[in-house]
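Here the structure is laid out as structure tokens; the discussion comes afterwards.
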Amino acid sequence: MMIPYPPINEDQRLKALKNYNILDTLPQAEYDNITYIASYICKTPISLVSLIDEKRQYFKSHLGLDILETSRDVSFCAHAIHNHNEVFTVSDARLDERFHDNPLVTDEPKVVFYAGMPLVTKEGHALGTLCVIDREPHHLTDEQKEVLKRLSQQVMYLLELRQKRFLNKTLQHKLEAYAQDMGAFAYSASHDLQEPLRTAKSFLELLERTHADKFDETGKKYMQLAVGSMSRMTQLINDLLEYSRSGNSDEDCDDMDLRKVVEDIAEMNKLIITEKGVQLELGVLPVIKISKAAITQLMHNLIGNAIKYQAPGLKPIIKINASDLDTHWQISVKDNGIGIEEENQKVIFKIFKRVKTQGAYVGSGIGLAICKKIVQHHGGEIWVESEYGKGSTFYFTIHKI
Ligand code: ADP
């Protein structure tokens with residue numbers, strides 16, 4: 001018997017095989033279907049998907065043979081993996097000097113005929129074979145060999161797909177862990193920053209109250225500027241806290257009637273709406289599966305901006321509409337406000353980004369970043385279409401559950 005020698009790139013080949021995470025896995029119908037078709041077309045009682053591990057051959061699928069593995073020394077497939085392009089054929093193993101005294105030939109399953117097509121990766125590593133076996137002398141026609149070649153490619157497609165899914169899952173877990181870390185970091189950093197800031201602010205206020213008479217006008221101005229900066233920093237930290245909390249929660253997903261959500265927001269902002277003469281026009285709005293807090297915050301930010309960024313002398317007209325995109329809802333909030341230059345239309349969704357030319361409008365640049373976080377958490381996107389000086393339409397999509 002001739003013991004099969006390893007291919008020259010054996011270390012890399014074994015590494016490639018391990019990367020597929022296929023060894024010692026449970027039987028799967030998609031591989032069993034391939035061995036069924038191979039044995040049916042080639043008219044053999046046995047067909048295997050065999051993977052050549054360091055010391056053994058492991059059968060991912062084994063039709064007509066009730067074993068899961070054998071030692072590599074007796075493996076026919078370990079011979080077959082040397083020629084990547086050809087079906088390796090042994091017409092009668094009993095008469096072949098490489099196999100005549102092989103225990104798989106002399107004992108059960110008493111292999112006589114063997115034909116195996118290597119399973120070759122894109123990088124050129126033969127992981128094993130798709131093979132057919134008979135207990136009698138047998139012959140494969142060219143057509144049958146061609147089918148065996150193509151089916152071995154199918155096995156490789158399955159393995160590639162499996163590896164991609166595995167990598168995607170690993171990446172997804174890593175991303176989730178990273179996002180959780182970042183959220184926890186932002187929360188605790190901003191939370192911990194509040195305390196020293198509060199103390200510094202109260203000492204400054206105390207200093208102002210008790211020693212103000214000792215300062216000249218410039219001193220008093222500096223004091224006020226310092227208190228003002230402290231207040232702005234407190235606001236920024238609160239915004240950061242709100243941002244780190246928003247968008248992550250899966251809790252309380254409910255059927256939310258968007259019209260009712262908008263009407264509630266209008267009710268809450270009755271004062272400013274009346275004061276500014278806001279005209280709110282609602283189209284047919286759907287019921288969306290989302291948490292009340294998330295959709296309220298999202299719509300509140302967009303409607304709030306549509307009122308805030310109003311062109312001088314104009315009364316805000318805000319139109320809210322929806323379209324059904326099959327898998328998603330698309331919602332639009334259109335205003336007749338100051339508009340946004342094209343170069344700013346993407347950056348405004350980043351945290352703390354504001355349009356510099358709009359310094360007259362008060363804000364911290366966090367509202368749209370929160371909207372983006374909420375929307376992405378619900379499998380959607382957010383963007384704006386706007387003509388500077390003429391108004392803006394904000395669109396977002398939400399995945400239907
Ligand atoms: P904030 O309003 O607190 O600045 P946002 O994140 O809500 O923060 O908005 C970011 C920036 O996008 C705003 O500073 C403003 O320049 C621009 N913006 C948002 N909504 C509108 C709108 N409806 N019309 C014009 N500009 C807008």
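In each ligand, atom 1 is the first atom listed, and ligand 1 is the first ligand listed.
Among Asp335, Asn305, Ile348, Ile318, the residue whose heavy atom lies closest to atom 12 (O) of ligand 1 is Ile348. Taking all heavy atoms of Tyr361, Tyr309, Tyr388 into account, the minimum distance to atom 14 (O) of ligand 1 is reached by Tyr309. Remark: among candidates Cys371, Ser392, Ser364, the nearest residue to atom 3 (O) of ligand 1 is Ser364, based on non-hydrogen atoms. Summarising the contacts of atom 25 (C) of ligand 1 with Leu368, Ile340, Val355, Val384, the nearest heavy atom is found in Ile340.
Taking all atoms of both residues into account, the shortest heavy-atom contact from Leu204 to Ala226 is CD1-CB, 3.7 Å.
If you look at Asn301 next to ligand 1, there are no close heavy atoms at all, none under 4.0 Å. Only the side chain of Phe394 comes within 4.0 Å of ligand 1, counting heavy atoms alone; its backbone N, CA, C and O stay farther away.
Using a 4.0 Å heavy-atom cutoff, Gly337 is absent from the residues neighbouring ligand 1.
Under the side chain to side chain contact (heavy atoms under 4.5 Å, CB included) criterion, Glu195 pairs with Arg198, Thr199, sequence neighbours left out. Here Asn21 pairs with nothing under the side-chain hydrogen bond (donor to acceptor under 3.5 Å, both in side chains) rule; sequence neighbours left out.
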### Steps toward salt bridge (Lys or Arg N to Asp or Glu O under 4.0 Å) verdict (Glu263, Lys260)
CA-CA 5 Å; Glu263 284 169 355; Lys260 173 90 175 58; over 6 Å; no
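Atom numbering of ligand 1 starts at 1 in the shown order; those under 4.0 Å from a heavy atom of Ile366 are 6 (O), 8 (O). Listed by number with element, the atoms of ligand 1 under 4.0 angstrom from any heavy atom of Lys308 are 1 (P), 2 (O), 3 (O). Distances below 4.0 Å separate heavy atoms of Gly365 from the following atoms of ligand 1: 1 (P), 3 (O), 4 (O), 6 (O), 8 (O). Of all atoms in ligand 1, numbered sequentially from 1 with element shown, those under 4.0 Å from a heavy atom of Arg354 are 1 (P), 4 (O), 14 (O).
Side-chain contact annotation: Thr397 with Glu381, donor-acceptor N/O pair under 3.5 Å absent.
No N or O atom of Ile338 sits closer than 3.5 Å to an N or O atom of ligand 1. For Gly367, a nitrogen or oxygen atom sits less than 3.5 Å from a nitrogen or oxygen atom of ligand 1, counting backbone and side chain alike. When only interatomic distances are considered, the shortest N/O to N/O separation between Lys353 and ligand 1 does not fall below 3.5 Å.
For His378 and His399, the distance between ring centers is not under 6.0 angstrom. The six-membered or imidazole ring of His82 lies away from that of Phe88, with a centre-to-centre distance of 6.0 Å or more.
Rounding to the nearest 0.5 Å places CD of Glu208 at 9.5 Å from NZ of Lys220.
Surrounding CG of Asp142 are at most 12 heavy atoms belonging to other residues, nucleotides or ligands under 6.0 Å away.
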